[in-house]
Structure formats: structure tokens, C-alpha cells
Enquirer: 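One structure, as C-alpha cells, below. Some questions next.
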Amino acid sequence: MAIDSAAITAAVRAALEAQGIQVVGEKGLVPVGVSNRHIHLSAAHVEVLFGKGYELQPMKDLSQPGQYACKEQLTIVGPSMRAIEKVRVLGPVRKDTQVEISRTDAYTLKVKAPVRESGKIEGSAGVTIIGPKGVVTIDKGCIIANRHIHMSLEDGEKFGVKDNEYVNVEVDGGERRTKWYDVQVRVHKDFRLEMHVDTDDANAVGIGNGCKVRIVRD
């Protein structure tokens with residue numbers, strides 16, 4: 001018997017709405033990008049770590065326009081003195097250096113990294129970054145990135161959400177059905193639709209890059 005995907009989608013939508021859950025947007029589906037630990041560097045710290053006049057070498061483009069993974073990798077060390085090696089640098093350079101890790105990494109490093117929106121680094125944790133030409137110790141900038149969704153202006157209208165709004169997200173395509181609360185929505189004309197979670201979140205529910213999750217309103 002042929003499977004009618006449209007009928008299945010409609011049935012799922014009806015079941016959710018019967019439970020008082022409103023599905024947002026067309027199908028309410030958002031692709032997932034799993035974010036491994038990584039580093040954003042300031043121009044000044046690029047020179048300290050790699051040498052005067054050094055420029056980051058792009059390796060591949062990321063999902064968000066203008067963002068890219070670099071060939072460069074660094075080592076980070078916290079109070080535990082246990083090093084995490086081969087941490088990827090992402091470009092382009094930023095005003096402030098920022099290290100994004102998972103909660104598991106925070107335990108390894110023994111740093112009290114708070115869950116934060118990217119760029120909100122005041123009062124966050126410090127960490128030491130080791131490069132081929134030098135060492136940088138930052139007193140803030142090490143965070144665990146909050147769960148968030150990037151959207152274009154058109155996607156924001158389709159899903160009926162505004163920049164900096166918070167939504168709930170259901171994960172039912174992994175190994176463990178779950179719901180994430182208070183997921184930040186970031187709407188910008190240059191963004192592409194994608195939800196970013198770290199490796200701890202992805203592994204906990206058994207999903208990977210390209211999996212789809214559903215925005216819902218209770």
C-alpha cells in the first residue's frame with residue numbers, strides 16, 4: 001500500500017492540535033545543525049596565536065551566509081589542566097574572542113561556562129587558548145550556546161515569530177522524543193532557516209545534522 005505523506009502529516013497535525021498544541025508555520029519543521037565546540041577569534045588574538053599579519057584560512061562555508069569553518073585548530077585548557085585539542089576556529093574574525101563548548105566540555109575543563117546567547121559574554125568563564133605561535137588567556141568569553149533558531153525575514157513571517165522571541169520545539173524524529181523549551185528565535189535578512197544545538201543536546205535525543213524539529217505553541 002502506498003504511503004501518503006501528506007495524509008500522515010495532516011494526521012500528526014490534527015493529533016497535536018487535539019492535545020492543545022498549535023503547530024507553527026508551514027508544517028512547523030526546522031532543520032537542525034549540530035554545533036561542535038569551536039572558537040571565534042578577535043583580530044588581535046589571531047596574531048598572538050598564529051603570528052603577526054596572519055589571516056585565517058577558510059575551509060568550508062557554514063549554513064549561515066558569511067560564516068565559515070577555518071583550517072586552523074587550537075587547544076583549550078581550563079583549571080583542570082586537561083587540554084581539549086583540535087578545536088575548530090570559525091570565521092570571520094569578531095570584535096571579541098568567544099569559545100563555545102558543551103556542558104560535557106565544561107566538566108572536562110572545570111570551567112563554569114554559562115548558557116548564553118552568542119555575543120553575550122559579560123560575566124562568562126575564562127579559558128586559555130594555545131596556538132602554534134602563542135598563548136591567549138581570556139577572563140571571559142567561554143560559554144555554552146543557548147538553543148536557538150536562525151530565520152530569514154520571510155521565514156519569520158511564515159512561522160509567525162519575531163526576532164528574539166522564544167518558542168518551544170518538539171523533537172520526534174530521533175531516538176528519544178522530547179521537547180525543548182525557551183528556544184530563542186533570531187530573525188535577520190541574511191539568516192537561513194536552521195536550529196542550532198550542541199553535541200550534548202543532539203546526542204541526548206539521538207539526532208544529527210539535517211534532522212527536522214517542530215516549533216509548537218502550547
Side-chain angles (χ1 to χ4, degrees), residues 29-42 56 58-76 78 84-109 111-121 124-125 127 129 138 140-152 155 163-164 166-171 173-176 178-188 190-215:
L29 297 179
V30 178
V32 171
V34 180
S35 182
N36 203 347
R37 65 180 77 98
H38 60 271
I39 301 173
H40 301 278
L41 291 173
S42 67
L56 296 175
M59 181 178 67
K60 67 175 182 179
D61 290 335
L62 300 178
S63 60
Q64 301 307 311
Q67 306 294 308
Y68 51 87
C70 301
K71 294 180 181 179
E72 291 79 9
Q73 294 176 301
L74 296 166
T75 297
I76 56 176
I84 298 180
E85 301 178 327
K86 297 183 178 180
V87 182
R88 183 72 59 188
V89 176
L90 302 187
V93 295
R94 291 191 175 186
K95 176 185 175 184
D96 297 304
T97 291
Q98 179 174 292
V99 179
E100 296 183 33
I101 61 175
S102 69
R103 181 66 68 191
T104 298
D105 293 335
Y107 294 148
T108 299
L109 298 169
V111 296
K112 295 181 179 179
V115 177
R116 290 283 182 82
E117 175 186 353
S118 181
K120 306 293 186 181
I121 62 173
S124 58
V127 72
I129 307 169
I138 55 175
K140 61 182 178 182
C142 183
I143 67 170
I144 299 169
N146 67 342
R147 302 175 188 128
H148 59 276
I149 301 173
H150 292 276
M151 287 189 185
S152 66
D155 284 323
D163 185 46
N164 209 37
Y166 287 79
V167 298
N168 298 331
V169 172
E170 282 201 338
V171 184
E175 297 172 358
R176 297 175 176 175
T178 191
K179 180 185 284 187
W180 287 320
Y181 295 89
D182 301 324
V183 177
Q184 183 184 22
V185 176
R186 300 170 62 182
V187 180
H188 189 276
D190 295 329
F191 285 165
R192 291 179 182 168
L193 184 64
E194 188 172 61
M195 178 173 179
H196 288 173
V197 298
D198 65 22
T199 50
D200 280 358
D201 279 339
N203 290 339
V205 296
I207 61 173
N209 288 316
C211 262
K212 300 290 181 67
V213 294
R214 178 180 293 105
I215 296 176

Enquirer: Return yes if a side-chain donor-acceptor contact under 3.5 Å exists between N146 and E117, otherwise no.
Expert: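 No pair is found: no donor N or O on one side chain lies under 3.5 Å from an acceptor on the other.
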Enquirer: Is the closest side-chain heavy-atom distance between R186 and S118 below 4.5 Å?
Expert: yes
Enquirer: When you measure from the side chain of S42 to the backbone N and O of T97, does any donor-acceptor pair fall under 3.5 Å?
Expert: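 The answer is no, because no donor-acceptor pair under 3.5 Å joins these two groups.
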Enquirer: Using distance alone, with no hydrogens and no angle criterion, decide if E194 and H150 have a side-chain donor and acceptor under 3.5 Å apart.
Expert: no
Enquirer: I need the minimum non-hydrogen distance between A125 and P114, along with the two atoms involved.
Expert: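 Scanning both residues completely, I find the closest heavy atoms to be N-CD, 4.0 Å.
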Enquirer: Taking atom types as modelled and ignoring hydrogens, do the side chains of D61 and Q67 form a donor-acceptor contact shorter than 3.5 angstrom?
Expert: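 Side chains of D61 and Q67: no pair found under 3.5 Å.
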Enquirer: Identify the residue among D155, V185, V183, L193 that makes a side chain to side chain contact (heavy atoms under 4.5 Å, CB included) with V30.
Expert: L193
Enquirer: State, without any angle test, whether S35 and E100 hold a side-chain donor-acceptor pair at a distance under 3.5 Å.
Expert: no
Enquirer: Locate the shortest heavy-atom distance separating V99 from I129; write the atom from each residue and the value.
Expert: CG2-CD1, 3.9 Å
Enquirer: State, with a plain yes or no, whether a side-chain heavy atom of S63 is found less than 4.5 Å away from one of R192.
Expert: no
Enquirer: Do R103 and T108 pair up side chain to side chain, a donor and an acceptor below 3.5 Å, judged on atom types alone?
Expert: no
Enquirer: Can you name the closest pair of heavy atoms from F191 and M151 and give their distance?
Expert: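 What the structure gives for the nearest pair is CB-O, 3.3 Å.
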Enquirer: Any Lys/Arg nitrogen of R147 or D201 sitting under 4.0 Å from an Asp/Glu carboxylate oxygen of the other?
Expert: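 Judged by the 4.0 Å cut-off on N to carboxylate O distance, R147 and D201 do form a salt bridge.
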Enquirer: Is there a donor in the side chain of D198 and an acceptor in the side chain of S102, or the other way round, less than 3.5 Å apart?
Expert: no
